[in-house]
2 protein chains.
Amino acid sequence: MTSQAKVPTRTGRMRPGRRPGATGTREALLAAGTELFADRGYDGVPVWEIAKKAGVNKAMISYHFGGKRKLYLTIVGATFSEILERVEGLAASTAPAPDVLRELIAVVGDLASRRHPHFCTMMLREVLTGGMRLEPEVVALPMRILAAVKGIVERGVREGAFRPVDPLLTHLSLVGSLVFFFATARFRERVLTDRLHVKPPSAEAYVTHIQDLVTNGLAASKTGPGRRR
Amino acid sequence: MTSQAKVPTRTGRMRPGRRPGATGTREALLAAGTELFADRGYDGVPVWEIAKKAGVNKAMISYHFGGKRKLYLTIVGATFSEILERVEGLAASTAPAPDVLRELIAVVGDLASRRHPHFCTMMLREVLTGGMRLEPEVVALPMRILAAVKGIVERGVREGAFRPVDPLLTHLSLVGSLVFFFATARFRERVLTDRLHVKPPSAEAYVTHIQDLVTNGLAASKTGPGRRR
DNA sequence: GTCTATAGGCTGATAGAC
DNA sequence: GTCTATCAGCCTATAGAC
């Protein structure tokens, strides 16, 4: 969803090099929508506000995207594809599984805290509010993350680096703790600072914590088959 | 918020034992609201639907609770206080910290999967959509969970059972992975079953997985009898 | 306490001029 | 492509009859 390829102008004529400003409107709406949706969620943002922030008219949303919901899905898809690209690249690595997993945690943490600081919030909110009725486009995306992580964990178990854990459960606990952290970061920032006067933990500190927790928690080398309960 | 203490009737007169059905209306609204809000979120449920499900009239919501939002907060508070009670009881235990933590995971898992299957969804959604502007009542509750878990972890570190982890980070990763799992359970159920034809993991399996992950991941004794203090 | 009816404020979408 | 004006559809809260 790189948004381009479309330079026709006026009444049927093509003006090869020039662009009449239409592309600008499209991108302005995408940018404005990204920021606002991330901040307040789909239901929390009226279309007129997106248009205002983009400096264009309400009606342009229907014209260019076919409605509010379509604009939203375009934004989510675009953001997700970038994350997916890096995660799937990592899954193809042949380095030791524990190292790959640590790197994956670092990459997700970096993307979620710097480049796309609202992404986890958006996806989680979507899953929660969507419940039973979500567009296939939205559903397909997390599935590919699952496949990537599952692959890494399965390899780690097969090679003996990890104890025989369930890949799906491992994926859920790993991704869950990361997504939860970044999705609730702004809430924590307000609450911890204003009420408890405690400095909220940094993304880097949390990433390191999860890396260590997973490394120790999944490691195969244990003094005995100690499994309790 | 156990909802009672309020038996006045008619026009100022008190009828000691009997209850005129008003309490029934209140509780019917609470029950209907709990189910519907959990399912579709605050914004997703119109008041007429709550009233319909409760078998009473729309206007009763404003009459008994002072509006939709107040009804919602009453529900959230009531559910939370039960969970809080058990968690804080556990935090007061003097048993070995790792055992207490395992028990806490089991208790939260049980409450979140059986007795209050929608609770995690509700709280998480609230934190996400509330962002910067949440009522103090809602904010105070998770804070007490934090304090309880923090206490257990700190004791574990002090007694040498855990390696010197940060209690706040540990709390976030633990609660995060649990809340994420239960909040997204219904989504998973639909997606995994309908699209991938895989049976979604049970709450019990996940609880065990997290218990093991935490036990191994926080354990102090790694490659030697390393004990502190 | 409970109901009906209605007021009043939002929203997203679109017809049609330019 | 872009704008203005308007529409129909929702929602919540409340006044007032019973």
Side-chain angles (χ1 to χ4, degrees), chain A residues 3-15 18-30 32-33 36-37 40-75 129 133 135, chain B residues 3-16 18-30 32-33 36-37 39-75 129 133 135:
Chain A
S3 84
Q4 44 172 271
K6 196 179 173 187
V7 198
T9 327
R10 291 291 163 191
T11 331
R13 285 212 335 257
M14 281 294 207
R15 300 227 248 139
R18 294 266 310 287
R19 289 182 306 179
T23 308
T25 297
R26 235 190 101 93
E27 281 167 1
L29 282 171
L30 284 171
L36 289 171
F37 282 139
R40 315 215 296 268
Y42 182 79
D43 284 333
V45 182
V47 287
W48 65 261
E49 210 162 345
I50 303 174
K52 183 187 161 195
K53 183 166 199 128
V56 304
N57 194 273
K58 269 203 312 179
M60 291 298 93
I61 290 172
S62 291
Y63 180 80
H64 283 285
F65 297 94
K68 185 189 181 185
R69 183 72 191 169
K70 294 261 189 67
L71 167 63
Y72 181 78
L73 290 178
T74 304
I75 290 170
T129 63
R133 46 209 111 64
E135 288 89 346
Chain B
S3 84
Q4 46 172 271
K6 194 179 173 189
V7 198
T9 329
R10 292 292 164 192
T11 332
R13 284 206 339 252
M14 281 293 207
R15 300 226 248 141
R18 294 264 311 286
R19 291 182 306 176
T23 308
T25 297
R26 235 190 102 92
E27 282 167 0
L29 282 171
L30 283 172
L36 289 171
F37 282 140
D39 237 43
R40 317 216 294 268
Y42 183 79
D43 285 333
V45 182
V47 286
W48 67 260
E49 209 161 346
I50 302 174
K52 183 186 162 196
K53 182 165 200 132
V56 303
N57 194 273
K58 274 202 296 186
M60 293 297 95
I61 291 171
S62 290
Y63 180 80
H64 282 285
F65 298 94
K68 183 189 181 184
R69 182 73 192 170
K70 294 260 188 68
L71 168 62
Y72 180 77
L73 289 178
T74 304
I75 289 171
T129 63
R133 46 209 109 70
E135 287 90 347

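A note on names: the letters A, B, ... follow the listed sequences, proteins ahead of strands, and every chain is numbered from 1.
Residue Ile61(B) contributes atom CD1, which lies 13 Å from atom P of dT2(C) at whole-angstrom precision. Put simply, CD on Glu49(B) is 13 Å from C1' on dC10(D), counting in whole angstrom units. Between Lys52(A) atom NZ and dT2(D) atom P there is a gap of 20 Å when expressed in whole angstrom units. With rounding to whole Å, Tyr72(A) atom OH is found 14 Å from dG12(C) atom P. The CG-C1' distance, from Leu36(A) to dT11(C), rounds to 16 Å in whole Å. One can place CE of Met60(A) at 5 Å from C1' of dT2(D), the figure rounded to the nearest angstrom. Atom NZ of Lys58(A) and atom P of dT2(D) are 17 Å apart (whole Å). Rounded to a whole Å, the CG atom of Asp43(B) is 16 Å from the P atom of dC10(D).
With dT2(C), dA15(D), dG1(D) as the choices, the nucleotide that has an atom nearest any side-chain atom of Tyr63(A) turns out to be dG1(D). Ranking dT2(C), dT4(D), dT4(C) by closeness to the Asn57(A) side chain, first place goes to dT4(D). Distance from the side chain of Pro46(A) is smallest to dG12(C) among dG12(C), dC3(D), dT12(D). For Lys68(A), the side-chain atoms get nearest to dA13(C) when compared with the rest of dT2(D), dT2(C), dA13(C). Closest to the side chain of Ala59(B), from the set dG12(C), dC3(C), dA15(C), is dC3(C).
Contact between Ala28(A) and Ala54(A) at its shortest, heavy atoms only, is O-CB, 3.5 Å. For Ala32(B) against Ile50(B), the heavy-atom pair with the smallest separation is CB-O, 3.7 Å.
Look at Thr25(A) and you won't find any side-chain N or O under 4.0 angstrom from OP1 or OP2 of dG1(D).
Between Ser62(A) and Trp48(A), it is Trp48(A) whose nearest contact on DNA chain C lies nearer the 5' terminus.
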Residues Phe65(B), Met60(B); criterion side-chain contact (heavy atoms from CB on, under 4.5 Å); working and verdict: CA-CA 8 Å; Phe65(B) 298 94; Met60(B) 293 297 95; over 6 Å; no
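Although no hydrogens or angles enter the test, the distance criterion places a donor-acceptor pair under 3.5 Å between the side chain of Lys68(B) and the main chain of Tyr42(B).
Between Tyr72(B) and Phe37(B), the ring-plane angle classifies as perpendicular under the 30° and 60° cut-offs.
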